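To keep things clear, I will list the structure first and then write my remarks on it.
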Amino acid sequence: MKIDCKRRGKLGGKQWVIILLSMMICSASWFTFINKTAVAKQEYIEAIIAVEDDMALAEVEARLTSQLPEIEIVHTYNNGFRGFAVQATSTQLQVLTGFEGVKRADPSVSYTSSLKDSVPFIGAEAIRGKLDKNGVALTGKGIKVGIIDTGIDYHHPDLSRNYKGGYDFVDKDDDPLEGKDKNGQGTVHGTHVAGIIAANGAVRGVAPEADIYMYRALGPAGQGSTEQILAAIDKAIEDEVDVLNLSLGSPINGPDWPTSEALDKAAEKGIVAVTSSGNSGPAMWSVGSPGTADKAISVGASIPPLKMPKLTLFRKPELSISIQSVQGTAPWQFRRDIPLVDGGLGMTEDLENVRGKAVLIERGGIPLIRKIVNARKAGADAIIIYNNVAGAFAAATEEVQPIPAVTITREDGEALHKAIQEQEDAKTTVLRTVLEEETDHMAFFSSRGPVARSWKIKPDVVAPGVDIDSTVPNGYLALNGTSMAAPHIAGAAALLKQAKPEWGAEQIKAALMNTAVALTDDSDNEYPPFVQGAGRVDMTKAIRTDTLAYPGTLSFGVWSLGEREQLHEETIVLENHSKKVKTYSFTTDSTPFLGLKWELPRQVRVKPGQKKAVTVRLRVEPAAVDYNQLDGALTIEGGNEAIRLPYLLFINEPDYPRIGAFDLQPLGTNKGYQYEVYMPGGAEELEIALYDPDTYAFVGILDQNKAIKPGLYEQKLAADDIGVPEGTYRAVVYAKAGSKEEVLETMIRLEQKQIDEKRSKR
């Protein structure tokens with residue numbers, strides 16, 4: 001495909017952006033940052049105000065209402081997060097940022113919802129025969145598990161006995177029943193998550209006798225704001241739940257986002273906070289808040305024992321092509337051979353001879369949903385979409401489509417395309433589905449860490465998140481996602497809490513991480529820690545461990561190479577939960593790395609019931625280091641289970657995303673627009689360039705700014721100041737910090753009619 005990127009105007013010496021854009025057209029699944037702009041209240045938006053730790057909430061609230069009476073305080077948070085949710089204008093939000101007693105002020109953002117084989121796979125069934133200190137079998141009995149999600153069908157026969165209450169922060173009542181959107185489409189996510197944790201009927205969850213408390217903070221289409229999530233965390237702390245599950249996320253990779261800080265507060269109060277890492281993998285740095293919370297357990301997704309469908313060709317059986325189902329389409333369940341034909345880009349004119357066949361379509365050109373709908377209407381039996389850049393990609397559609405659709409890598413797609421071209425008669429190209437046993441590998445979609453700026457390793461652990469069959473309103477359904485992995489860990493935490501009621505959140509997290517099984521890829525290479533954390537949870541080992549070591553992973557941060565040798569220290573706490581004196585020893589990876597020198601304790605003696613803090617040191621010799629990133633694991637022996645502590649360090653600043661998310665929304669009264677861009681490390685320069693979506697020709701500059709501070713940057717643009725006509729544009733957001741430069745591409749609408757329509761509906 002030839003792309004014309006002729007440009008008009010000047011971008012300040014960044015001509016390379018055009019070249020990069022040409023290579024990336026329709027090539028990446030960029031994050032979309034959704035700000036919950038309250039158009040219904042003119043220019044007012046929901047914002048989250050964090051109060052300084054040494055200031056009384058009542059004092060700051062009184063000052064706010066006195067000096068800024070037009071600001072409406074919607075909610076006050078006392079537990080997981082200290083501050084307020086308010087309705088304010090963009091101008092007022094800037095004033096609040098410097099207000100006495102206010103630590104920070106951020107616009108509210110949106111969060112999306114990001115068994116039968118998986119429960120025994122993590123060892124939950126194997127420990128049923130064990131008893132707690134009261135002689136009761138380990139089923140989660142007596143443990144309160146809070147769930148922040150889309151609600152729950154508490155009438156479901158598998159959940160009715162476990163449901164004990166909750167609250168609906170969407171409809172603001174005591175009935176957190178799964179909701180419906182304006183089209184009558186019901187949500188299922190929260191009920192599915194609840195079933196994984198504690199279903200007790202036709203299917204049995206990890207902790208089938210745990211008490212469930214549902215906090216509905218995600219409404220129709222699984223959307224919820226920061227305000228609702230924080231309120232739900234506050235209520236869960238107030239209700240004194242033992243475990244709290246959040247199978248949700250935002251695209252913001254930063255340690256200081258309010259939801260992440262609130263989960264850390266919940267953990268400090270003794271609650272085992274569990275959250276999904278996100279479904280934006282396999283790219284590094286794709287983990288999002290609240291999966292970035294330091295003290296919470298961030299969970300990635302692995303593959304339980306499954307016979308996974310792979311594709312091959314009748315005439316080329318040596319091919320073995322992995323597929324990823326497009327979420328929202330029918331499962332790939334072919335047990336017969338099927339003709340394969342070329343479908344171009346999936347446009348109507350490309351699909352003249354596809355009835356009863358599988359159609360191979362290239363990614364790009366038109367939206368993915370249009371490709372699927374066009375092929376379905378043309379009579380295709382199945383759709384295979386291959387990437388237009390190297391590697392694989394994940395895809396989803398909110399509009400459910402009753403046809404199997406999968407994605408594959410560009411390399412595999414080109415192999416199939418070549419096979420089709422080699423046949424004179426396309427009917428002789430026959431696609432065959434084979435089932436291959438696959439287990440204990442990482443799910444392709446699982447978000448990766450580490451956390452930007454703090455460099456912490458996330459996820460902490462992984463659990464099954466592929467083809468998980470659980471409860472939904474009026475039945476059962478198999479779903480994929482880290483949303484399904486997190487409740488496995490929440491249920492596991494409930495079992496541990498029942499068995500070890502004296503353990504706090506930090507100890508339960510350590511037990512799950514210390515005993516996890518390290519996973520390897522198809523080539524038997526161990527996944528790095530920012531992919532799998534400590535590994536896949538194993539409850540049989542976690543329940544019997546007599547030693548805890550935390551933190552469960554070691555993040556040595558970023559080191560700038562200089563002339564001097566550099567030293568880094570980490571403190572590790574060892575706890576002896578046996579009845580004997582334990583002597584622990586430390587070892588490093590079997591293969592030494594050039595330029596690194598470890599200084600480890602020789603032997604550490606810890607008495608029964610005691611704990612001891614020890615220091616490990618790592619020295620770097622600048623002259624000998626020729627790598628940018630290093631990961632591995634320390635091993636602690638002496639307990640009844642060997643403990644692995646994965647570690648990660650960077651040499652010089654890593655190439656993390658400078659632009660985490662971008663969104664533009666219309667303002668409701670002065671005919672303008674407001675955009676937000678999240679930059680975890682800030683930027684020296686920020687520029688938003690606009691291009692024609694069809695020809696990719698340069699159109700103009702939407703905005704330019706300099707010296708942007710780390711975090712969320714918000715800017716309002718008057719319609720009269722925008723020098724391009726109304727319409728839809730391809731926006732290229734450019735950020736530069738030091739020698740690092742980055743672009744993010746997204747589609748935006750500049751349309752005054754859209755604003756007027758929204759105003760007329762008020």
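The structure presented is a predicted model; accordingly, all values stated were derived computationally and were not measured.
- In this structure a side-chain-to-backbone donor-acceptor pair under 3.5 Å is present from K371 to E362.
- Ring pair W285/W455 is perpendicular by interplanar angle, where above 60° counts as perpendicular and below 30° as parallel.
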Report the C-alpha separation of Q715 and Y713 in whole Å, then their side-chain angles, then the decisive distance to 0.1 Å, and conclude whether the side-chain hydrogen bond (donor to acceptor under 3.5 Å, both in side chains) test is met. CA-CA 7 Å; Q715 189 72 6; Y713 177 72; 3.1 Å; yes
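- Minimum heavy-atom separation, I708 to M679: CG2-CE, 3.1 Å.
- Expressed to the nearest 0.5 Å, how far NE2 of H75 lies from CD1 of I49 amounts to 14.0 Å.
- The one candidate from S247, S447, S276 that meets the side chain to side chain contact (heavy atoms under 4.5 Å, CB included) condition with T482 is S276.
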Please report the C-alpha distance between F84 and V51 in whole Å, then the side-chain angles of each, then the deciding distance to 0.1 Å, and finally whether the side chain to side chain contact (heavy atoms under 4.5 Å, CB included) criterion is met. CA-CA 8 Å; F84 314 99; V51 172; 3.6 Å; yes
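- In this structure the side chain of N279 never reaches within 4.5 angstrom of the side chain of S286, judged on heavy atoms.
- Shortest non-hydrogen contact noted between S277 and S298 is CB-OG, 3.5 Å.
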Just do the salt bridge (Lys or Arg N to Asp or Glu O under 4.0 Å) check on E261 and K265 with the steps written out, would you? CA-CA 6 Å; E261 292 184 341; K265 292 289 186 183; over 6 Å; no
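- The structure places OG1 of T259 at 9.5 Å from CD1 of I48, a figure rounded to the nearest 0.5 Å.
- At a threshold of 4.5 Å between non-hydrogen side-chain atoms, the residues Y729 and D692 do not count as touching.
- A donor-acceptor contact shorter than 3.5 Å is absent between the side chain of T150 and the backbone of G219.
- Using a 4.0 Å cut-off between charged side-chain N and carboxylate O, R730 and E745 make a salt bridge.
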Candidate pair E741 and Y734, rule side-chain hydrogen bond (donor to acceptor under 3.5 Å, both in side chains), full reasoning: CA-CA 7 Å; E741 298 177 318; Y734 165 86; 2.7 Å; yes
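- When every heavy atom of G83 is checked against every heavy atom of L57, the shortest pair comes out as N-CD2, 3.7 Å.
- To the nearest 0.5 Å, atoms CD1 (I688) and CG (L664) are separated by 7.5 Å.
- With hydrogens and angles disregarded, a donor-acceptor distance shorter than 3.5 Å links the side chain of D264 to the backbone of K295.
- Judged by distance alone, with hydrogens and angles left aside, the side-chain atoms of T695 form a donor-acceptor pair with the main-chain N or O of A697 at under 3.5 Å.
- For the atom pair CD1 (I237) and CG (L244), the distance works out to 8.0 Å, reported to the nearest 0.5 Å.
- Of the possible donor and acceptor atoms, one in the side chain of T275 sits under 3.5 Å from a partner among the backbone N and O of L246.
- Considering every non-hydrogen atom in both I659 and V733, the closest pair reads CD1-O, 3.3 Å.
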For T292 and V287, run side chain to side chain contact (heavy atoms under 4.5 Å, CB included): C-alpha distance rounded to whole Å, both residues' side-chain angles, the deciding distance at 0.1 Å, then the answer. CA-CA 7 Å; T292 56; V287 63; 4.2 Å; yes
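- Contact between A395 and F393 at its shortest, heavy atoms only, is CB-CE1, 4.0 Å.
- Y691 is listed as a side-chain neighbour of V732, based on a closest heavy-atom distance under 4.5 Å.
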Pair R363, N388 - check side-chain hydrogen bond (donor to acceptor under 3.5 Å, both in side chains), show working. CA-CA 5 Å; R363 184 185 184 189; N388 54 358; 4.5 Å; no
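- Contact annotation: the side chain of D149 never approaches that of R216 to less than 4.5 Å [non-hydrogen atoms, C-beta and beyond].
- F444 contributes atom CZ, which lies 5.5 Å from atom CD of Q324 (distance to the nearest 0.5 angstrom).
- Ring geometry for F662 versus Y675: interplanar angle of 30 to 60°, hence tilted.
- Here the side chain of R448 pairs no donor or acceptor atom with the backbone of G300 at under 3.5 angstrom.
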Could you walk me through whether L96 and L64 satisfy the side chain to side chain contact (heavy atoms under 4.5 Å, CB included) test, starting with their C-alpha distance in whole Å, then the side-chain angles of each, then the deciding distance to 0.1 Å, before giving a yes or no? CA-CA 9 Å; L96 287 170; L64 280 173; 3.2 Å; yes
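- The side-chain heavy atoms of V724 and L702, taken from C-beta on, include no pair separated by under 4.5 Å.
- Side-chain contact check for F99 versus L68: some heavy-atom pair is nearer than 4.5 Å.
- At distances below 3.5 Å, at least one donor-acceptor pair connects side-chain atoms of E742 with backbone N or O atoms of R658.
- Residues L248 and I148 form a side-chain contact, since some pair of their non-hydrogen atoms from C-beta on lies under 4.5 Å apart.
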Carefully, step by step, assess M55 and R63 under the rule side chain to side chain contact (heavy atoms under 4.5 Å, CB included). CA-CA 12 Å; M55 297 293 293; R63 192 181 300 117; 3.9 Å; yes
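- Under a cut-off of 6.0 angstrom, the local environment of CD in E59 is crowded, with over 12 non-hydrogen atoms contributed by other residues, nucleotides or ligands.
- Side-chain atoms of S250 and S289 form no donor-acceptor pair, as typed in the model, at a separation below 3.5 Å.
- Note that the CG atom of L554 and the CD1 atom of I457 stand 7.0 Å from one another [nearest 0.5 Å].
- Residue N253 comes nearest to P680 through the heavy atom pair O-CB, 3.9 Å, listed as atom of the first residue, atom of the second, then distance.
- Put simply, the side chain of Q532 never gets that close to the backbone of P529: no donor and acceptor are under 3.5 Å apart.
- Without hydrogens or angle criteria, K456 side chain to P450 main chain gives no donor-acceptor distance under 3.5 Å.
- Between the side chain of Q223 and the backbone N or O of L218, no donor-acceptor pair lies under 3.5 Å.
- Here the side chains of D460 and V299 are not in contact, with every heavy-atom distance at 4.5 Å or above.
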